[in-house]
Amino acid sequence: LKKRFPHCLIIGTRKSGTRALLEFLSLHPSVVAAKKETHFFDSDENFRKGLKWYLNFMPPSTENQITVEKTPAYFFSGKVPARIKRTEVEANGSGGRMKFLLIVKDPVERALSDYAKVLQSKQKQNIRYPTFEELSTDPITDEITSAYRPIRRSLYNLQLRNWLKHFKRSQLQVVDGAALVTNPVHELQKVEKFLGLQKFLTSDKFIWSQDRGFYFANVTKIRTKCLSTSKGLAHPRLSDRFTEKIRNFFRPFNEDFYNLTRMNFDW
Ligand SMILES: Nc1ncnc2c1ncn2[C@@H]1O[C@H](COP(=O)(O)OS(=O)(=O)O)[C@@H](OP(=O)(O)O)[C@H]1O
């Protein structure tokens with residue numbers, strides 16, 4: 001047993017189901033996963049701590065197991081792909097073999113999910129917080145603005161273009177976050193295939209929670225595991241007019257993303 005450099009990284013996108021994907025995947029006996037988000041490649045301070053510091057987060061594994069780490073900030077941060085590339089060579093003596101999972105959901109839903117999380121913490125402190133519409137609209141032009149980070153983080157095509165400068169398209173698998181909620185087995189079996197794992201994640205490994213509206217991992221006969229209640233927060237409702245406006249804003253970015261991934265999400 002030893003701590004190994006990850007074979008696979010879940011790089012984002014934030015709020016699209018990265019935690020569920022990691023937890024579900026780690027039910028597989030051939031997968032070990034870092035418990036925490038390490039923020040190794042996106043944080044200058046952590047990256048300076050070096051490879052040894054990073055490896056400490058990895059659980060010990062056998063030669064036949066694959067190690068997975070997830071930090072959803074990786075996808076959005078411009079420096080990350082080049083850093084990963086260099087560090088893979090430092091760790092393994094050669095590069096080009098890592099695999100990346102990118103889970104995505106409707107960019108409007110994803111931005112709302114980012115917003116909902118901040119709103120909840122403001123409300124707990126009794127602090128007034130602007131509406132999602134206010135934050136995502138430029139006060140001068142009245143157009144949707146990517147100056148608001150939750151909007152910018154949903155421009156998947158721009159970020160993916162940066163990753164594809166450093167890695168082959170075949171090293172990256174796109175996972176449908178909406179499908180992971182409604183039919184996790186189907187999505188996970190595609191991931192098993194991509195990672196070269198034996199088929200293990202079958203429907204008996206998951207239990208539907210009517211209460212939460214999510215599947216749980218059926219960890220053992222007596223223990224099930226649901227994600228924390230910080231997942232599944234209510235999102236604010238948008239007016240029809242604003243919905244049309246924000247959907248129009250995202251359309252060209254989405255189209256480019258569909259072309260890059262050769263997948264059509266109908267967002
Ligand atoms: N099985 C299961 N259980 C719980 N939650 C699930 C599950 N599958 C997907 N999701 C969705 O995960 C969303 C949170 O995404 P992340 O885990 O990527 O968030 S984070 O970026 O790590 O904060 C979270 O988004 P919100 O609903 O907006 O909170 C969930 O919709």
Side-chain angles (χ1 to χ4, degrees), residues 8-28 33-43 57 68-77 80 100-124 129 132 135-136 149-156 159 173-191 201-219 223-238 243 246 265 267:
C8 170
L9 294 177
I10 299 174
I11 57 175
T13 62
R14 194 175 136 117
K15 308 312 293 172
S16 292
T18 55
R19 176 55 64 188
L21 179 60
L22 185 74
E23 295 290 334
F24 289 170
L25 204 54
S26 55
L27 293 174
H28 199 296
K35 289 212 161 42
K36 270 182 48 151
E37 292 180 7
T38 67
H39 286 274
F40 180 60
F41 296 106
D42 61 302
S43 148
F57 288 94
V68 185
E69 191 244 324
K70 84 112 174 165
T71 299
Y74 289 164
F75 186 57
F76 185 63
S77 169
V80 166
F100 304 102
L101 293 172
L102 175 68
I103 180 164
V104 289
K105 69 169 158 194
D106 178 333
V108 179
E109 287 300 319
R110 203 216 59 78
L112 281 169
S113 183
D114 258 347
Y115 172 81
K117 192 139 182 224
V118 179
L119 180 68
Q120 188 199 39
S121 81
K122 299 286 178 193
Q123 284 173 339
K124 274 186 188 156
Y129 196 59
F132 178 76
L135 291 168
S136 34
R149 278 168 79 95
I151 298 290
R152 201 155 73 243
R153 287 199 197 100
S154 283
L155 305 176
Y156 306 147
Q159 297 151 40
Q173 165 107 331
V174 179
V175 178
D176 181 345
L180 190 78
V181 173
T182 54
N183 190 354
V185 173
H186 184 73
E187 282 310 291
L188 291 164
Q189 288 183 347
K190 286 189 275 185
V191 173
L201 299 168
T202 43
S203 57
D204 53 306
K205 310 288 187 310
F206 303 95
I207 297 174
W208 175 255
S209 159
Q210 193 65 42
D211 266 18
R212 295 283 306 274
F214 289 120
Y215 278 93
F216 292 30
N218 193 0
V219 182
R223 196 163 80 89
T224 58
K225 184 171 179 189
C226 196
L227 302 193
S228 89
T229 47
S230 71
K231 314 282 177 187
L233 294 178
H235 295 177
R237 257 192 66 87
L238 304 174
T243 301
I246 194 165
F265 287 95
W267 295 324

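Both counts, for ligands and for their atoms, begin at 1 and track the order of listing. Starting from 1, each residue takes its place in the sequence as its number. Please read these numbers as outputs of a predicted model, since none were measured by experiment.
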Are Gln123 and Ser121 close enough that a side-chain donor and a side-chain acceptor fall under 3.5 Å?
no
Any N or O on Tyr215 sitting closer than 3.5 Å to an N or O of ligand 1?
yes
Assert yes or no for the condition that the ring centre distance of Phe100 to Phe75 is strictly below 6.0 Å.
no
In this structure, OG of Ser154 is separated from CZ of Arg149 (nearest 0.5 Å) by 12.5 Å
If you round to the nearest 0.5 Å, how far is NE2 of His39 from CZ of Phe57?
10.0 Å
Please compare Ser209, Ala73, Ala20 and report which has the shortest non-hydrogen distance to atom 8 (N) of ligand 1.
Ala20
Between Tyr129 and Tyr115, is the ring centre distance below 6.0 Å?
yes
In terms of atom number and element, which parts of ligand 1 are under 4.0 angstrom from non-hydrogen atoms of Val181?
8 (N), 9 (C)
Which of the numbered atoms in ligand 1 are under 4.0 angstrom from any heavy atom belonging to Phe24?
1 (N)
Could you see which bit of His235 sits under 4.0 Å from ligand 1, with heavy atoms only: side chain, backbone, both or neither?
side chain
For the pair Asp106 and Arg110, evaluate salt bridge (Lys or Arg N to Asp or Glu O under 4.0 Å) and give the outcome as yes or no after the intermediate values.
CA-CA 6 Å; Asp106 178 333; Arg110 203 216 59 78; over 6 Å; no
Grab the two heavy atoms, one from Tyr215 and one from Phe206, that are nearest each other, plus how far apart they are.
CD2-CB, 3.8 Å
Check ligand 1 against Lys70 and write out every atom of the ligand that is under 4.0 Å from a heavy-atom position of the residue.
22 (O)
With only distance considered, is Gly17 within less than 3.5 Å of ligand 1 through an N or O on each side?
yes
Below a 4.0 angstrom heavy-atom separation, can you tell me which part of Leu233, side chain or backbone, both or neither, approaches ligand 1?
backbone
Examine the proximity of ligand 1 to Phe216 and report which part, side chain or backbone, both or neither, has a heavy atom under 4.0 Å away.
neither
Which of these, Glu37, Gln120, Lys15, has its nearest heavy atom closest to atom 23 (O) of ligand 1?
Lys15
At less than 4.0 angstrom from any non-hydrogen atom of Thr18, what atoms of ligand 1 do you find?
16 (P), 17 (O), 18 (O), 22 (O)
Backbone, side chain, both or neither: what part of Pro184 comes under 4.0 angstrom of ligand 1, heavy atoms only?
neither
Under a 4.0 Å heavy-atom limit, does Lys105 contact ligand 1 with its side chain, its backbone, both, or neither?
side chain
Can you name the salt bridge (Lys or Arg N to Asp or Glu O under 4.0 Å) partners of Lys15, sequence neighbours left out?
none
Name of the residue among Val108, Leu112, Ile151 meeting side-chain contact (heavy atoms from CB on, under 4.5 Å) with Ser136
Ile151
